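Notes to accompany the following structure.
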Amino acid sequence: SLFLEDAASEFDVQGLELDWTCVVWDGDLRYDENGWRFFEFNGGCKWNNIKKADRQAYQLNAYRVLLTRARQGMVICVPEGNPKDTTRLPMFYDGTYKYLKSLGFEEI
């Protein structure tokens with residue numbers, strides 16, 4: 001197909017082999033100078049730190065599932081963020097974007 005047909009979570013794609021995928025990276029898993037940081041959106045207006053190791057492992061596994069489904073190719077979209085929206089500030093995404101670029105990811 002030449003169209004984006006479905007949006008799916010890690011639960012929907014687990015066990016599937018997809019030709020092409022697009023993963024949109026959100027502010028729940030962020031990379032900064034200290035490594036990966038884990039968050040959950042709570043209360044409709046802010047991100048809270050995830051401190052429990054088992055919840056962090058669960059979140060990493062969710063991204064692992066999403067990042068291992070594509071067989072021919074994948075696009076990873078890291079949003080620019082919006083300085084006017086405190087739930088989508090650019091600083092939530094900048095570190096992850098820079099980290100992925102440092103690994104050799106191409107920008108399109």
Side-chain angles (χ1 to χ4, degrees):
S1 172
L2 300 175
F3 300 97
L4 176 61
E5 294 176 346
D6 293 303
S9 73
E10 71 274 15
F11 302 108
D12 299 319
V13 300
Q14 191 163 4
L16 295 180
E17 292 184 5
L18 304 169
D19 292 335
W20 295 90
T21 64
C22 176
V23 175
V24 180
W25 208 288
D26 202 1
D28 60 336
L29 183 60
R30 307 175 196 168
Y31 192 85
D32 66 20
E33 63 275 355
N34 298 313
W36 291 108
R37 297 183 55 215
F38 305 85
F39 295 86
E40 61 185 350
F41 198 68
N42 194 0
C45 62
K46 69 177 191 168
W47 292 99
N48 293 328
N49 286 313
I50 296 175
K51 296 177 183 172
K52 293 183 178 181
D54 61 330
R55 286 279 300 122
Q56 292 176 355
Y58 179 87
Q59 190 171 24
L60 279 177
N61 189 57
Y63 273 86
R64 181 199 57 80
V65 169
L66 293 170
L67 294 169
T68 58
R69 300 301 97 195
R71 298 299 172 236
Q72 292 185 34
M74 172 189 309
V75 171
I76 298 176
C77 174
V78 180
E80 292 181 357
N82 182 342
K84 295 179 182 178
D85 182 347
T86 59
T87 66
R88 297 186 307 124
L89 294 173
M91 64 184 251
F92 296 167
Y93 306 98
D94 292 347
T96 303
Y97 172 81
K98 290 175 187 173
Y99 176 71
L100 295 175
K101 287 281 287 182
S102 77
L103 297 176
F105 283 57
E106 283 185 49
E107 182 175 352
I108 57 172

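In this text, all values refer to a predicted model and were calculated from it rather than measured experimentally.
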On a heavy-atom basis, the closest approach of Ala8 and Val13 is CB-CG1, 3.6 Å
Donor-acceptor contacts, no H, no angles, side chain residues 46-58, under 3.5 Å, sequence neighbours left out:
| unit_1 | atom_1 | unit_2 | atom_2 | d |
| --- | --- | --- | --- | --- |
| Trp47 | NE1 | Thr87 | O | 2.8 |
| Arg55 | NH2 | Glu40 | OE1 | 3.3 |
| Gln56 | NE2 | Ile50 | O | 2.8 |

When you group the ILVMFWY residues by side-chain heavy-atom contacts below 4.5 Å and let the links chain together, are Leu103 and Met74 in the same group? yes
Taking Gly27's backbone N and O only, do any of them form a donor-acceptor pair with Arg30's side chain (distance below 3.5 Å, no angle check)? yes
Can you name the residues that form a salt bridge (charged side-chain N to carboxylate O under 4.0 Å, His left out) with Asp28, not counting sequence neighbours? none
Shared ILVMFWY cluster between Leu60 and Tyr93, side chains joined below 4.5 angstrom? yes
Decide yes or no for Leu67 and Val23: does some side-chain heavy atom of the first lie under 4.5 Å from some side-chain heavy atom of the second? yes
Please find the pair of heavy atoms, one from Pro83 and one from Pro90, that lie closest to each other, and give the distance. N-CD, 3.7 Å
Consider side chain to side chain contact (heavy atoms under 4.5 Å, CB included). Of Leu18, Asp19, Thr21, which one does Gln72 pass it with? Asp19
Let me confirm one number: the CD-OG1 distance from Glu10 to Thr68, rounded to the nearest 0.5 Å. 11.5 Å
Should Tyr99 and Asp32 count as side-chain neighbours, where that means a heavy-atom distance under 4.5 Å? no
Within-4.5 Å side-chain heavy-atom neighbours: Asp26 and Phe39: no
Hydrophobic clusters here meaning ILVMFWY residues chained together by side-chain heavy-atom distances under 4.5 Å, can you tell me if Val24 and Trp20 are in one? no
Please report the interatomic distance CG(Asn82) to CD(Glu80), rounded to the nearest 0.5 Å. 10.0 Å
With sequence neighbours left out, the residues meeting salt bridge (charged side-chain N to carboxylate O under 4.0 Å, His left out) with Asp85 are Arg88
Please tell me whether Tyr31 and Phe41 are part of a single hydrophobic cluster in this structure, the criterion being side-chain heavy atoms less than 4.5 Å apart. yes
Heavy-atom check, side chain of Tyr63 versus side chain of Trp25, under 4.5 Å: yes
Interatomic distance, Glu33 atom CD to Lys98 atom NZ [nearest 0.5 angstrom]: 10.0 Å
